[in-house]
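Working notes, beginning with the structure itself.
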Amino acid sequence: MEREVRVRFAPSPTGPLHIGGVRTALYNYLLARKTGGTMILRIEDTDQNRFVPGAEDYIRQSLEWCGIELDESPWKGGPYAPYRQSERKPMYMQYAQQLIDAGHAYYAFDTAEELEQMRERLKAAKVATPQYNAITRMTMKNSLTLPEDEVKRRLESGDPYVIRLKVPRKEEIRLKDLIRGWVMVHSSAIDDKVLMKSDGMPTYHLANIVDDHLMKITHVIRGEEWLPSAPLHVLLYRYLGWEDTMPEFAHLPLLLKPDGNGKLSKRDGDKLGFPVFPLRWTDPNTGEVSSGYRESGYLPEAFVNFLAFLGWNPGTQQELFTMEELTQEFTVERIGKSGTRFDIQKARWFNEQYLRAKPDSELAVYLLQALEAHNITTSQEKAEKIAGLMKERVSFPQDFWQEAEYFFVAPTEYSEKVASKKWNSQAVAVFEDFKNELPALDTFNADTVKELLTSILERHGMKIGQVMQALRLAVTGAEAGPDLMQIIEVIGREETASRIEAAISRLSQYATA
């Protein structure tokens, strides 16, 4: 009988959520929604030393902004609560004890100094990767080497200890990965990992396996960095008697730096000027502020679309997908094995496409918000017209004000490059007639304005190309922009005439014959 798909995203609250983590959450979510399954979020906070205040709330807000809905979580609850590992602490020891009783784990009483001495001995013996394993365990202080009565005495007297997994010395451990196929690791490459720490908290390895089993997780989709730990997890499933219900694994390719050399880090984003976190983050310890995609002007649907393509592709030419379309098309089998280069220009392109697809009434809101901040009022109708004119020229919502400021503020500076090339006495003569005859137009719109300009140019024996850039300079102060006749229609006849008059006055030094 096929099990209901249950996936989980299990971040640690040790800082802001990297976009690689958001991608992991997204792929889990898409699989859950495609199969009618369940999306779970579990906070893995077993390492209390690395806990960062505010990080858990940051994770919640980031997923909400992206539209990744959770079916079970610390904030929503669910049938397998609690969903914070620190709150599940009492349940882990019984499974560690089960492993000890079955001979698959043991108590280790080694001090930090003794562990360091062991590593130094191995280094001196030219051992490439010194580790606590099937060979070295027999030279250390643990329940495999100490007499039974001494082990009992140490436990009863409260001596500090950890519980380690007893990894077999010579065994091939095989794992079927949904992305990479069969993965095989020899047990000699795996050390006897700590399962329970001296503070009574489980390590990631034990807590992760126990929780995935108890929460009936069917698929574990996680980053490539966890692939080396996967054989260890296979052993734990086997030793706990859960091999038949072990989830399917899929280890996602790395997000690479733009040049393809190495994993994408916050430092790369800082150096190259793009965010690596979904939302702005303020470090509670240092006060350092890291930029976020939301605050940089990225729309959540564009961000999600961009992220989906960092490792997955639909096998078609289609690039723009809503969350619903991604859900329909997504399959784990179409996730690539190799790392994906991060391309911020592509993220920007996605944002532009989503902005342009919005109705002018929605885009006008961005402009109206900026106008309010500058104490400028205008009508919804005018804001919509401007948004419609500018949307092909913007990448982010904040660009509407930067690109459209001249609709509300007359230029005070002009491009010297354009003025020196295009501003001359013939153009000025045309502009004088144009501003004087604008008030007489019965109907004022882009078409009638263009007809007027064309008729004046004919009288002067000139073509429109000879004056258009200079006229744009006079009206907007800019070198380029959308259709100038439509700009003039929005600005209005009186304001247009006033601006032309001001430009004639200020650029008089260029108006030589």
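Positions are given from 1 along the sequence.
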- [ ] Please confirm whether Y298 and F306 have ring centers closer than 6.0 angstrom.
- [x] no
TODO: For K391, look at atom NZ and say whether over 12 heavy atoms of other residues, nucleotides or ligands are found less than 6.0 Å away.
DONE: yes
Open item on the list: For L367 versus A383, what's the shortest heavy-atom pair and its separation?
Closed with: CD2-O, 3.9 Å
Task: Residues K89 and D45 bridged, charged N to O under 4.0 Å - done: no
- [ ] Applying side-chain contact (heavy atoms from CB on, under 4.5 Å), run through V449 and F434 and close with a yes or a no.
- [x] CA-CA 9 Å; V449 167; F434 184 61; 3.7 Å; yes
Open item on the list: Looking at R493, I want to see if its CZ is surrounded by more than 12 non-hydrogen atoms of other residues, nucleotides or ligands under 6.0 Å.
Closed with: yes
- [ ] May I ask you to decide whether R60 forms a salt bridge with D57, counting only side-chain N to carboxylate O separations under 4.0 Å?
- [x] yes
- [ ] Kindly say whether T46 contributes a backbone atom to a donor-acceptor pair with the side chain of K197 at under 3.5 angstrom?
- [x] yes
Open item on the list: Using every non-hydrogen atom in the two residues, find where P278 and L17 come nearest and quote the distance to one decimal.
Closed with: CD-O, 2.9 Å
- [ ] Answer whether the closest heavy-atom distance between the side chains of S265 and V276 falls below 4.5 Å.
- [x] no
- [ ] Look at the side chain of H18 and the backbone N and O of G20, then say whether any donor-acceptor pair between them is shorter than 3.5 Å.
- [x] yes
TODO: Determine whether more than 12 heavy atoms belonging to other residues, nucleotides or ligands lie under 6.0 Å from atom NZ of K34.
DONE: yes
Task: Flag, side chain of N424 to backbone of A427, donor-acceptor distance under 3.5 Å - done: yes
Open item on the list: Is there a side-chain contact (heavy atoms from CB on, under 4.5 Å) between E501 and K435? Walk through the geometry before answering.
Closed with: CA-CA 8 Å; E501 192 169 333; K435 76 175 174 66; 4.1 Å; yes
Task: Verdict with reasoning, H219 to V332, per side-chain contact (heavy atoms from CB on, under 4.5 Å) - done: CA-CA 10 Å; H219 295 75; V332 175; 5.9 Å; no
- [ ] Evaluate the ring planes of W312 and F330, with Trp represented by its six-membered ring, and classify them as parallel (under 30°), tilted (30 to 60°) or perpendicular (over 60°).
- [x] tilted
TODO: Would you mind checking if R459 and D433 are paired as a salt bridge, meaning a charged N to carboxylate O distance below 4.0 Å?
DONE: yes
Open item on the list: More than 12 heavy atoms of other residues, nucleotides or ligands under 6.0 Å from CD of E416: yes or no?
Closed with: no
Task: Between F303 and W65, ring centroids under 6.0 Å - done: yes
Task: Minimum-distance pair of heavy atoms, taken over all atoms of F277 and P16 - done: CZ-CG, 3.5 Å
TODO: Check the surroundings of atom NZ in K346: do more than 12 heavy atoms from other residues, nucleotides or ligands lie under 6.0 Å from it?
DONE: yes
TODO: Scan side-chain atoms only and decide if Y83 and E72 contain a donor-acceptor pair under the 3.5 Å cut-off.
DONE: yes
Open item on the list: Is it the case that the side chains of R334 and N313 hold a donor-acceptor pair, with the cut-off being a distance below 3.5 Å and no angle test?
Closed with: yes
- [ ] For atom CD of E333, decide whether the heavy atoms of other residues, nucleotides or ligands shown that lie under 6.0 angstrom number more than 12.
- [x] yes
TODO: May I ask you to check whether F431 and W423 place their ring centers less than 6.0 Å from one another?
DONE: yes
Task: Closest non-hydrogen atom pair, N305 against F321 - done: OD1-N, 2.7 Å
Open item on the list: Could you tell me if E352 and S395 have a donor-acceptor pair between their side chains, going purely by distance under 3.5 Å?
Closed with: yes
TODO: Might you point out which heavy atoms bring P247 and R3 nearest each other, and give the distance in Å?
DONE: CA-NH2, 4.3 Å
Open item on the list: Would you say the rings of Y58 and W281 are close, in the sense that their centroids are separated by under 6.0 Å?
Closed with: yes
Open item on the list: Among E329, M323, Q328, which residue satisfies the side chain to side chain contact (heavy atoms under 4.5 Å, CB included) criterion with L30?
Closed with: M323
Task: Nearest atoms (heavy-atom pairs only) where V22 meets C66 - done: CG1-SG, 3.8 Å
Task: Ring geometry between Y293 and F342 (parallel below 30°, tilted from 30 to 60°, perpendicular above 60°) - done: perpendicular
TODO: Apply the salt bridge (Lys or Arg N to Asp or Glu O under 4.0 Å) test between D71 and each candidate in R8, R6, R33; give the one that qualifies.
DONE: R33
Task: Residues R42, D212: salt bridge by 4.0 Å N-O rule - done: yes
Task: Salt-bridge criterion met for E224 and K263 (N-O under 4.0 Å) - done: no
Task: Crowding at NZ, K358 (>12 non-hydrogen neighbours, <6.0 Å) - done: yes
Task: E372 atom CD: more than 12 heavy-atom contacts under 6.0 Å - done: no
Open item on the list: Between N208 and H205 (side chain of the first, backbone of the second, donor and acceptor by atom type, cut-off under 3.5 Å), is there such a pair?
Closed with: no
Open item on the list: Salt bridge check, E248 against K176: does any charged N sit closer than 4.0 Å to a carboxylate O?
Closed with: no
